[in-house]
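Take a look at the structure set out below.
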Amino acid sequence: MAKLNVNGKALDVQVAEDTPLLWVIREQIGLTGTKYGCGVAQCGACTVHIDGVATRSCSVPVSAVTAEQKIVTIEGLSPDGRHPVQQAWIKHDVPQCGFCQSGMIMATVALLQANPKATEADIASEITNICRCGTYARVKTAILDVVAGGTLGRG
Amino acid sequence: MTSASTASSKTPSSKANLSRRSLLAGSVAAAGAFSFGFAIPFGSEAQAQGATPEINAWVVIHPDDKVVIRIVRSEMGQGTLTGLAQLVAEELNCDWTKVTTEYPTPGQSVARNRVWGNFSTGGSRGIRESNEYVRKGGAAARMMLIQAAANEWKVPAAECSAEKSVITHKASGRSLRYGQVAAAAAKIEAPKDVALKDPKDWTIAGKPLPRLDTVDKTNGKKIYGMDLKMPGMLNAAIKDCPVFGGKVKSFDAAAIKAMPGVRHVLPVGDSAVTVVAETWWQAKSALDALPIVWDEGEHAKVSSESIAAWLKEGLDAPVAVVGNQNGDVKAAIAAAAKTVEAVYSYPYQNHATMETMNATAVWTPDRCEVWTPTQNGEAALAATAEAAGLPIAKCEAYKIDLGGGFGRRGASQDWVRQVVAIAKQIPGTPVKLIWSREEDMTHGRYHPVTQCKMVGAFDKDNNLTGLHMRISGQSIVAGLFPQTIQNGRDPAVFQGLNAPGPEASIGYGVPNLLVDHAMRNPHVPPGFWRGVNLNQNTIYLESFMDELAHSVGKDPLEFRRGLMKNHPKHLAVLNAVAEKAGWGKPLPDGVFRGICQTMGFGSYVAAVAEVSVSPAGQLKIHRIVAATDPGHAVNPAQIERQVEGSFVYGLSASLYGEITIKDGRVEQENFDTYEVMRLEAMPAVETVIVPSGGFWGGVGEPTIAVAAPAVLNAIFAATGKRIRSLPLKNADLKKA
């Protein structure tokens, strides 16, 4: 039994305590926007926020998360999918196959909340998610567009 | 062999007839506060019920003017869904903002005498192969809609025109929307003569329109195969024998049957074992704990070194199959004033799609259905029927958009056979098979290994008089379709090196030329890997062209131009890239250029790379300029994205990618040892699209081939070091 706070909702989940948070989110809670890509925190497809920090959920056992910690998945990022980062992704038509993009977006939001004036160098060092289609150039453009718009990080 | 079914399946067999409706699964979970419904765009249910007029196989128009365009090629990120819809919509003269798409199923295609043609999505053929018939589908539908309006007005159709889903009779000032006449149009006989627009008149095709499928990829709503949920569904994890060609000797199901959620422990064919559990994580955890004894078979001693030695022997073997030949290369080499010789090699690569292989199946004695991300719906259906032991008419395969394909999800459909083999052992229960990343990395269909020995001959005036390219190594076709190989010949091996013609032709005229192949097929299963054989063949030829140019003190661009007089399309793209890159113009201190070109998948491509190498040997790629002539450019914005992505895929392979073999098995298991490019290493890519018209080339693959040689030639310019063995990470670029 684990007590979790996911996208603002308090949940009781019946699951073995060593189950990775990723699989609890996907299989017990049923939110499949968070993806399995590697299981070893290499690719970032499973990125969620825990108290605002980008976290690779495949490598966090559910027992390591407390009921008080706020977990946010791609589904909970904004009520209507219109978070400024999501809007920038749509404007720049970033995704190709799209499988890695939930993780990309979650990593980006965490970066910009911590560092709303992220530079190209910051983006290069912080966004380490793998995209095999090769959307990196558009990811970078979209992030810089959000930075230029100044819509994140105020307050 | 032992096996155990630790719980009997009590799911009623009616589950087998899962319909689209039962997939509208509000499923699972905690709290009940979430709603997880989703719909998969299977066939047009409404149309089957007769409510919505199908104008023809390609076009359905709803009364509210919504346009549904049917697409059978698979969307895996390459944008073919949007591009093909643009081509249909262009001829249909419909309102683009009202366009949606749907996938007919392979079973529907069979039932309708393959009205949608080939489902196969590979070889960058999605648009180039089907453009004519999909455009005709759109044009015919437009003619029928116009005729329906003309009939209603009792005027000749020739007096009517259609624009943005509105038909107008100019003389009387009357107009009707497509949705108003769709039902009548559906009853009109299809026209026999259908004229297509001149591409210069395009207003939807040819434009840099946004993709149709972006929004759901930004909010978690997009459902991939891995995300499927069905009532009563179980989850399966699988382990195939780590040594290719090996078998399962035994496994101890009793050891894990008490583990949480475990329902079945089953053999899959004679080489794999699966654990089926309530959740996938339970299945994987139990499988990891399952004692399995393998019969590793005859290949258990094979290594990358033993494979390389075998291929090296082929470089000078007396027997080889000729792929392209003119003149007498042996005589030219014998008479040469100077010869240049080099040997190159290219390693195995894994496709490493972000979404690992997966499929969901349900089997009963009279029906089998599979849901899977596949590049070829018809191949998935055929694999389903074969593995199910049922006729095709009793099977169906539903395509789901792919989390990456790159060729892995095309020809073999091996994971489909697996899931059906599992489902067959638990009749009536839906089961979803997901490969772990480790399974995916170690059981791919790998980019084949080859080596290439090249000899160039010059006369006393430094004219290139002869070129011999001897390729030794693996044939993809021999691995996948061995029955098609005759006399040891696999024509695909010579991609990019063929005689002048419309596909994959060499860009140079050399008076005495010989390209031949000594086939050597290791036990590692090969597959079509984005760019296929054009990748390594272009690395070989374009690196060696650079070597030849430098050996006679010529500029690499000028040297190439001198050999391209009879190859105007290759030359035009090379010139376009050189001009955009400013070839010959000064560069910042420490930055150097490399150039290359090739032709394949119907398109002509060229690239210039600008790189620097630090004294410590650190490579930095500052800028890439890439030119492409795909004949007709259907969506320039998506072509740019394919070109950029091609550099990521191509440079990932040439900088880091390497699957090595030890004790008959793949050594790399995950992205920590099979490294790929990340954002940090992504160079700026400038794309030059120079469509010359008159032909239809692909864009998903050709550019991959020029990624590596442009960079390798620039590295030579920067360091004087010629990299002949990939990946680059194994090379020492430190200043000597």
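Hydrogens, waters and symmetry mates are skipped; everything else that's a heavy atom, side chains included, is used. Every chain is numbered from 1, with letters handed out A, B, ... down the list of sequences.
- Comparing B:R530, B:K222, B:Q282, B:M677 by how many heavy-atom pairs each has under 4.5 Å with chain A, the most go to B:M677.
- Contact check for B:D227 versus A:R26: side-chain heavy atoms found under the 4.5 Å cut-off.
- Using a 4.5 Å cut-off between heavy atoms, B:T279 contacts chain A through both its backbone and its side chain.
- Put simply, the residue from B:R211, B:E75, B:Q642 that forms a side-chain hydrogen bond (donor to acceptor under 3.5 Å, both in side chains) with A:Q96 is B:Q642.
- Of the atoms belonging to B:L402, it is backbone heavy atoms, and not side-chain ones, that fall under 4.5 Å from chain A.
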One pair to check against side chain to side chain contact (heavy atoms under 4.5 Å, CB included): B:R437 and A:V40. What are the steps and the verdict?
CA-CA 9 Å; B:R437 175 58 63 190; A:V40 294; over 6 Å; no
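- Heavy atoms of A:H92 lying under 4.5 Å from chain B belong exclusively to its backbone.
- For chain A, no part of B:E278 is nearby; none of its heavy atoms comes within less than 4.5 Å.
- Residue contact with chain B, scored on non-hydrogen atoms closer than 4.5 Å, involves the backbone and the side chain of A:I123 alike.
- Note on B:R678, B:K217, B:E680: by heavy-atom pairs under 4.5 Å with chain A, the leading option is B:R678.
- The parts of A:T19 that come within reach of chain B are both its backbone and its side chain, each placing non-hydrogen atoms under 4.5 angstrom from that chain.
- Two residues are said to be in side-chain contact when any heavy atoms from C-beta on lie closer than 4.5 Å; B:R641 and A:C133 fail this criterion.
- Both the backbone and the side chain of B:D672 come within less than 4.5 Å of a heavy atom of chain A.
- Ring pair A:W23/B:W281 is parallel by interplanar angle, where below 30° counts as parallel and above 60° as perpendicular.
- For chain A, the nearby parts of B:P210 are the backbone and the side chain; heavy atoms of each come within less than 4.5 Å.
- Each of B:M682, B:E644, B:M354 has some count of heavy-atom pairs under 4.5 Å with chain A, and the biggest count is that of B:M354.
- Using a 4.5 Å heavy-atom cutoff, the side chains of A:K35 and B:E355 are not in contact.
- Interface remark: B:D216 contributes no atoms to any contact with chain A (heavy atom separation under 4.5 Å).
- Contact annotation for A:A137: both backbone and side-chain heavy atoms come within less than 4.5 Å of a heavy atom of chain B.
- Using a 4.5 Å cut-off between heavy atoms, B:F406 touches chain A through its side chain atoms alone.
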